[in-house]
Participant: 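Pasting a structure below so you can have a look.
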Amino acid sequence: MSKYHFNDIEAKWQKFWAENGTFQAENQSDKPKYYVLDMFPYPSGAGLHVGHPLGYIASDIYARYKRHKGFNVLHPQGYDSFGLPAEQYAIQTGQHPRKTTQENIGRYRVQLDKIGFSFDWSREVRTSDPSYYKWTQWIFIQLFESWYCKTLEKALPISELVEVFSEQGNESINFDCGYDAPIFSADEWKAYSEEKKESILLNYRLTYLAETEVNWCPELGTVLANDEIVNGVSERGGYPVVRMKMMQWSMRITAYAQRLLDGLDKIDWPQSLKDTQINWIGKSKGALVTFNVVRANEDLRGAKIEVFTTRPDTIFGTSFITLAPEHDLVERLTTIEQRFEVSKYIEATSKRSERERMADVKTISGVFTGAYAVHPFSGEEIPIWIGDYVLAGYGTGAVMSVPCGDQRDHDFANHFNIDIPNIFEGIDISEEAFVDKDNTIIANSDFINGLNYEEASQKVIEALEEKNTGEGKINYRLRDAVFSRQRYWGEPFPVYYKDGIPKMIAIEHLPLTLPEVEKYLPTETGEPPLGRADVWAWDTDKNEVVPNHKIDHETVFPLELNTMPGWAGSSCYMFRYMDPHNEEELASKVAMDYWENVDLYIGGSEHATGHLLYSRFWVKFLYDLGILSVDEPFKKLINQGMIMGESALAYRWDYGLEGKSEKRIPVFVSKHIIDKAISEKVFLKNVNKNIEDLVFKLSKNHDKLIFSSKTKLSHFSPIHVDISMVNSSNELDIEAFKNSRLELESAEFVTEDDGTFKVSREIEKMSKSKYNVVNPDDICEQYGADTLRMYEMFLGPLEQAKPWNTAGISGVHSFLKKMWKLYHSGAKDGFNVSNKVASKDNLKTLHKTIKKVEEDIKNFSFNTSVSSFMIAVNELTSQKCNNREILEPLVILISPYAPHIAEELWEKLGHKESISTAPFPKFESEYLVENSKEYPISFNGKTRFTMELPLDMSKGDLEAAVMAHEKTIRYLDGRTPKKVIVVPGKIINIVG
RNA sequence: GCUCAAGUGGCGGAAUAGGUAGACGCGCUGGAUUCAAAAUCCAGUGUCUUAGGACGUGCGGGUUCGAUUCCCGCCUUGAGUACCA
């Protein structure tokens with residue numbers, strides 16, 4: 001009987017698919033389209049581990065399934081190949097990031113190919129290719145040439161805005177995007193200098209250059225967007241981040257805040273991910289209230305402070321106003337008497353890093369400005385304070401403090417002995433603020449007494465608008481996204497500067513390719529790495545890049561030195577796949593109209609507030625421009641869970657040995673001995689004889705190893721051990737471990753009585769530094785790609801995080817061997833499939849499996865369909881089934897999961913074409929209700945009658961069958977049930 | 001603190017419009033085959049048991065003929081978010 005030689009089979013079919021372009025998608029077809037996409041990988045130097053392909057396997061199964069169902073499937077893959085790791089490697093080694101990136105891509109491709117994905121590689125994109133980033137630059141220019149009209153709620157060409165300005169000024173323009181434009185007339189506009197016009201327009205553009213407060217990471221030498229910061233440190237590397245002002249390009253994503261929220265209703269994404277985006281956008285409804293300043297510094301009288309509040313109903317509880325330390329008015333507002341205190345306070349707060357400020361939310365700090373503002377309704381004078389609990393970046397950077405209704409205001413007022421007026425009916429606010437707005441009845445508040453939150457808020461807003469001292473306002477937490485990075489390995493901006501005004505390079509001259517530099521570090525003067533390029537100036541006559549020394553500010557101008565952030569290249573790549581070689585357009589209209597958007601997108605949830613938000617923003621923008629016919633990039637999204645590594649830890653005795661590292665012998669103690677010492681509180685040397693020997697050895701080296709009844713796990717340091725040195729019983733290969741690192745050569749090991757050394761296990765993220773990485777290449781080599789694919793699915797639900805456990809793979813592997821055998825048993829020399837008519841049992845097994853597998857694929861419940869395959873093959877084996885009628889559809893069923901073995905068997909079954917588009921088998925319910933059997937029907941413990949019921953009848957059919965006997969079924973008290981639910985042998989539900 | 005998700009054998013996990021709990025796999029036990037091993041195959045495997053059953057899906061209640069599933073209150077774990085006025 002021929003054996004299952006998976007290595008040969010897999011190599012054969014991978015070659016076949018590549019040579020025949022089996023998975024190349026056509027941009028025109030009579031078939032319906034389906035677009036399946038993975039989040040493309042960043043090709044890191046470490047290569048793939050078994051966790052990376054999880055999502056790719058799932059999407060591949062779905063793509064292959066859809067091909068069987070008669071769809072024209074687009075399933076491309078590419079590389080997100082600009083980014084920090086390659087650049088940092090370049091800084092360390094001097095190697096060009098292009099080179100290392102290319103090498104890494106090469107390694108990725110080999111690894112991916114071994115797993116047998118049905119990617120259409122003819123459509124591959126790389127974000128660092130000039131032919132690709134040409135279109136990233138092109139989109140940037142489109143954004144620059146557009147502004148967002150709030151009246152129409154869409155982006156419009158900036159040229160139309162210029163027309164309006166020169167015809168009627170800007171008074172009628174509804175912009176409302178964080179820029180208070182000074183009003184000008186048409187005549188004034190025409191009289192402005194070119195420079196002035198440009199600087200005004202810059203405030204309207206969807207990408208704009210502005211002095212913004214940014215998150216500067218000194219270690220990385222670059223600014224970071226909000227989503228690139230986690231817990232106050234950089235996401236990559238965990239370096240501190242400080243806030244500072246810099247001239248930066250920004251993306252006006254805030255213009256799209258509402259549409260980004262609304263769009264979530266139309267797309268099929270996990271609710272948790274939608275929640276994350278909703279939270280990030282952070283819409284809140286409230287009011288803008290203007291307080292007039294009185295009793296301030298002489299020259300500031302009559303100034304206005306705007307505050308944003310979500311609780312306009314509590315306006316009569318305002319007993320002070322608090323400004324963020326960074327607020328514009330702070331310096332000018334402060335009275336002479338308070339000037340010293342205030343500047344001291346501002347200096348102290350500015351020194352604190354973002355992280356310190358976040359970590360230390362309990363400490364209340366602030367300072368009085370000496371100034372007062374007047375309450376818009378009561379006319380009372382209210383003190384103006386400064387406090388760092390008010391954030392400059394949210395709302396207006398100033399709040400009306402209502403200590404009775406907000407805990408932070410309450411704490412602040414208590415701390416500084418400020419009045420806490422009570423405006424709530426029957427509520428005691430002496431201890432803490434009353435924040436429950438749903439149960440609020442307002443009191444002591446003039447015209448809103450007795451009203452609830454809803455009514456009072458509305459009345460206050462009406463009154464504010466009437467008095468022209470405020471208005472209803474919706475505020476968003478979302479900030480505009482900083483788009484400049486002071487890095488080398490990213491897309492260059494297609495921008496040059498003429499008299500300090502940014503100008504776009506004409507589209508026909510793109511791409512503007514990344515210049516060569518000698519070093520990848522910032523310049524000595526603190527400019528970004530592109531400041532080192534010698535050939536980085538734009539000649540507006542020749543329309544090309546020329547050496548810097550030719551800059552004359554007449555026809556040759558300096559180019560932008562920043563590059564674009566990582567998310568620039570990933571925001572629209574899904575459209576480039578539709579027509580990746582098009583040199584005239586991002587993709588042809590025909591291709592984009594045909595493929596529309598991604599039907600199924602699979603990737604990690606860590607991109608919730610980055611890529612997945614920015615991508616939606618750019619797509620909505622391109623939709624406004626009429627370039628795209630869809631305004632969401634991804635119809636359905638699935639977040640695959642992470643596959644975790646199972647780290648092995650050996651415990652090193654460290655207690656009481658601090659500071660003696662130079663002469664210390666590392667001593668490792670087996671896990672069970674430690675556990676025993678801890679749980680039984682025994683002296684360790686009583687546990688195991690070889691500890692005494694060890695103590696003796698150590699004492700010669702003037703160290704002492706003391707285990708006592710007070711031994712704790714924290715007295716040991718867990719050291720990561722390479723998982724290849726540990727067997728499935730958690731026993732360490734001591735020799736291999738000793739030889740793995742120089743400092744372990746002399747190490748001593750306290751072993752179990754049987755001489756073994758046990759490690760403990762911990763589930764952690766897979767990473768090289770934890771020595772817990774499992775390489776898919778090894779698995780493919782040992783078990784085959786089909787086994788890897790099925791096992792990764794079998795591990796558990798797709799969305800769930802789960803540990804990798806190589807031990808379990810044998811079950812899936814032996815299933816494939818059994819599957820192979822099904823087609824080969826009985827004949828000495830190989831393939832043995834008969835044309836006999838299949839038995840009822842055979843057909844039952846087949847159709848049961850078709851039903852289950854198709855349901856599972858539709859529900860993305862791939863783990864359970866692997867179980868169904870196993871059951872099917874076991875049943876067919878014991879039925880001695882080798883009928884073509886059964887085995888041919890069976891191999892199609894399994895081909896999305898295990899495509900190589902399926903192709904091989906398909907060929908052996910006599911087919912010339914690839915199995916990939918063979919029609920998916922049809923489920924016939926008749927085969928499942930063929931057999932029937934006598935069942936006793938009983939309820940309330942008593943047998944009532946027996947009736948003949950089909951073995952695998954659906955629940956509904958069973959019910960119907962019993963309903964026919966309805967009259968004979970009675971409760972013990974004689975009532976007749978309305979509905980009877982039955983499973984074979986038992987009545988299980990009587991409703992009546 | 002807030003939001004969300006999840007707690008089922010030794011392990012990964014099945015099963016929810018409420019209806020035979022523990023599918024399937026790993027592991028373990030016994031057997032066949034083998035000089036032996038690997039591989040393969042067969043049987044068993046939630047707990048207790050007086051062998052008839054009894055008890056079992058984090059804990060405590062509730063609804064129901066019936067609850068892993070629904071409701072209320074806890075506990076635990078994980079994820080996200082965090083002075084957002």
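Predicted model only: the values in this text are computed from it and were never measured. Chain naming here is simple, since letters A, B, ... match the order of the sequence lines and numbering starts at 1 in each.
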Participant: With RNA chain B as reference, determine whether A:Gly397 or A:Gly796 sits nearer its 5' end, using the nearest nucleotide of each.
Facilitator: A:Gly796
Participant: Please state the P separation for the pair B:G60 and B:A23 - nearest whole angstrom.
Facilitator: 25 Å
Participant: Any side-chain N or O of A:Asn805 under 4.0 Å from OP1/OP2 of B:C26?
Facilitator: no
Participant: If we ignore hydrogens and angles and just use 3.5 Å, is the side chain of A:Lys283 paired with the main-chain N or O of A:Asn475 as donor and acceptor?
Facilitator: no
Participant: Please measure how far the C1' atom in B:G58 lies from the corresponding atom in B:U8, and state the result in whole Å.
Facilitator: 10 Å
Participant: Using the P atom as the reference point in each nucleotide, state the distance between B:U64 and B:U45 in Å, no decimals.
Facilitator: 37 Å
Participant: Ignoring the backbone of A:Asn863, work out which of B:G25, B:A14, B:A85 is nearest its side chain.
Facilitator: B:A14
Participant: So does A:Ser284 get a side-chain nitrogen or oxygen closer than 4.0 Å to the phosphate oxygens (OP1/OP2) of B:A85?
Facilitator: yes
Participant: Can you tell me the base-pairing partner of B:A14? Count Watson-Crick or G-U wobble geometry only, both distances below 3.5 Å, and say none if there is no partner.
Facilitator: none
Participant: Classify the nucleic acid contact of A:Asn874 as base, sugar-phosphate or nothing, counting any heavy atom under 4.0 Å across all strands shown.
Facilitator: sugar-phosphate
Participant: Hey, does A:Thr322 reach any base, or is it just sugar-phosphate, or nothing, if we go heavy atoms under 4.0 Å?
Facilitator: nothing
Participant: Given B:A14, B:A85, B:C26, which nucleotide is nearest the side-chain atoms of A:Val390?
Facilitator: B:A85
Participant: A:Ile281 CD1 to B:C84 C1': how many Å, rounded?
Facilitator: 14 Å
Participant: If the C1' atom of B:U63 is compared with that of B:C71, how far apart are they to the nearest Å?
Facilitator: 7 Å
Participant: Could you identify the nucleotide paired to B:A6, looking across every strand shown and requiring Watson-Crick or G-U wobble geometry with both distances under 3.5 Å?
Facilitator: B:U76
Participant: Hey, can you tell me if A:Phe377 and A:His375 have their rings parallel, tilted or perpendicular (30° and 60° cut-offs)?
Facilitator: tilted
Participant: Taking atom P in both B:A14 and B:A85, what distance in whole Å separates the two?
Facilitator: 39 Å
Participant: For A:Met642 and B:G80, give me the distance from atom CE to atom P, rounded to whole Å.
Facilitator: 9 Å
Participant: Is there a Watson-Crick or G-U wobble partner for B:A37 with both distances under 3.5 Å, and if so, which one is it?
Facilitator: none
Participant: Looking across every strand, which nucleic acid part, if any, lies under 4.0 Å from A:Asp409 by heavy atom: base, sugar-phosphate, or nothing?
Facilitator: nothing
Participant: Check whether A:Asp409 reaches the backbone of A:Val402 with its side chain - one donor and one acceptor, N or O, closer than 3.5 Å.
Facilitator: yes
Participant: Taking the P atom of each, how far is B:G78 from B:C28, in whole Å?
Facilitator: 30 Å
Participant: CG of A:Asp388 versus C1' of B:A82: gap in Å, rounded?
Facilitator: 16 Å
Participant: Answer with base, sugar-phosphate or nothing: what part of the nucleic acid does A:Gln407 contact at a heavy-atom distance below 4.0 Å?
Facilitator: nothing
Participant: Reckon A:Arg477 has a side-chain N or O less than 4.0 Å from the OP1 or OP2 of B:A85?
Facilitator: no
Participant: Do the side chains of A:Lys848 and A:Glu875 get close enough for a salt bridge, i.e. N-O under 4.0 angstrom?
Facilitator: yes
Participant: Could you give the CG-to-P distance, from A:Asn639 to B:A6, as a whole number of Å?
Facilitator: 15 Å
Participant: Counting Watson-Crick and G-U wobble pairs only, both distances under 3.5 Å, name the nucleotide matched with B:A21, or none.
Facilitator: none
Participant: So does A:Ala898 get a backbone contact from the side chain of A:Arg789, meaning a donor-acceptor N/O pair under 3.5 Å?
Facilitator: no
Participant: When syn is taken as a glycosidic angle within 90 degrees of 0, is B:G9 syn or anti?
Facilitator: syn
Participant: Expressed as a whole number of Å, how far does the P atom of B:U50 sit from that of B:G61?
Facilitator: 29 Å
Participant: Reckon A:Tyr476 has a side-chain N or O less than 4.0 Å from the OP1 or OP2 of B:C84?
Facilitator: no
Participant: For the side chain of A:Pro797, starting at C-beta, report the closest nucleotide among B:G13, B:G12, B:C83.
Facilitator: B:G13
Participant: Given B:A85, B:C4, B:A14, identify the nucleotide with an atom nearest to the side chain of A:Asp275.
Facilitator: B:C4
Participant: Applying a 3.5 Å limit to both distances, which nucleotide forms a Watson-Crick or G-U wobble pair with B:U69?
Facilitator: none
Participant: So among A:Ile386, A:Asp388, A:Val330, which one has a side-chain contact (heavy atoms from CB on, under 4.5 Å) with A:Val367?
Facilitator: A:Ile386
Participant: For A:Met644, look at atom CE and say whether over 12 heavy atoms of other residues, nucleotides or ligands are found less than 6.0 Å away.
Facilitator: yes
Participant: Can you tell me which nucleotide in B:A85, B:A14, B:G80 comes closest to the side chain of A:Thr276?
Facilitator: B:G80
Participant: Quick check for you: among B:C24, B:C84, B:G13, whose closest atom lies nearest to any side-chain atom of A:Arg408?
Facilitator: B:C84
Participant: Give a yes/no on whether any side-chain N or O of A:Lys817 is located under 4.0 angstrom from OP1 or OP2 of B:U40.
Facilitator: yes
Participant: Check the distance between B:A79's P and A:Asn279's CG and give it to me in whole angstrom.
Facilitator: 17 Å
Participant: If you pin A:Gly282 and A:Val812 to their nearest nucleotides in RNA chain B, which one's is more 5'?
Facilitator: A:Val812
Participant: Tell which nucleotide pairs with B:C55, taking only Watson-Crick or G-U wobble pairs whose two distances are both under 3.5 angstrom.
Facilitator: B:G46
Participant: Rounding to an integer number of Å, can you tell me how far A:Gln271 CD sits from B:A6 P?
Facilitator: 13 Å
Participant: Quick one: does A:Phe869's side chain get under 4.5 Å of A:Val873's, heavy atoms only?
Facilitator: no
Participant: Rounded to whole angstroms, how far apart are CE on A:Met793 and C1' on B:G13?
Facilitator: 15 Å
Participant: With a 4.0 Å cut-off on heavy atoms, is A:Lys818 in touch with a base, just the backbone sugar-phosphate, or nothing at all?
Facilitator: sugar-phosphate
Participant: Could you tell me whether A:Pro803 contacts a base, only the sugar-phosphate backbone, or nothing, with contacts defined as non-hydrogen atoms closer than 4.0 Å?
Facilitator: nothing
Participant: With sugar-phosphate meaning primed atoms plus P, OP1 and OP2, does A:Ser868 contact a base, only sugar-phosphate, or nothing at under 4.0 Å between heavy atoms?
Facilitator: nothing
Participant: What integer number of Å spans the C1' atoms of B:U40 and B:U34?
Facilitator: 11 Å
Participant: OP1 or OP2 of B:A79 versus the side-chain N and O atoms of A:Gln800: is any pair under 4.0 Å?
Facilitator: no
Participant: Figure out the CG/P separation between A:Leu391 and B:C84, and round it to whole Å.
Facilitator: 8 Å
Participant: Determine which nucleotide pairs with B:C84, using a 3.5 Å limit on both distances of a Watson-Crick or G-U wobble pair.
Facilitator: none
Participant: So, the side chain of A:Thr469 versus the backbone of A:Pro376: is there a donor-acceptor pair under 3.5 Å, distance only?
Facilitator: no
Participant: Can you tell me the base-pairing partner of B:U63? Count Watson-Crick or G-U wobble geometry only, both distances below 3.5 Å, and say none if there is no partner.
Facilitator: none
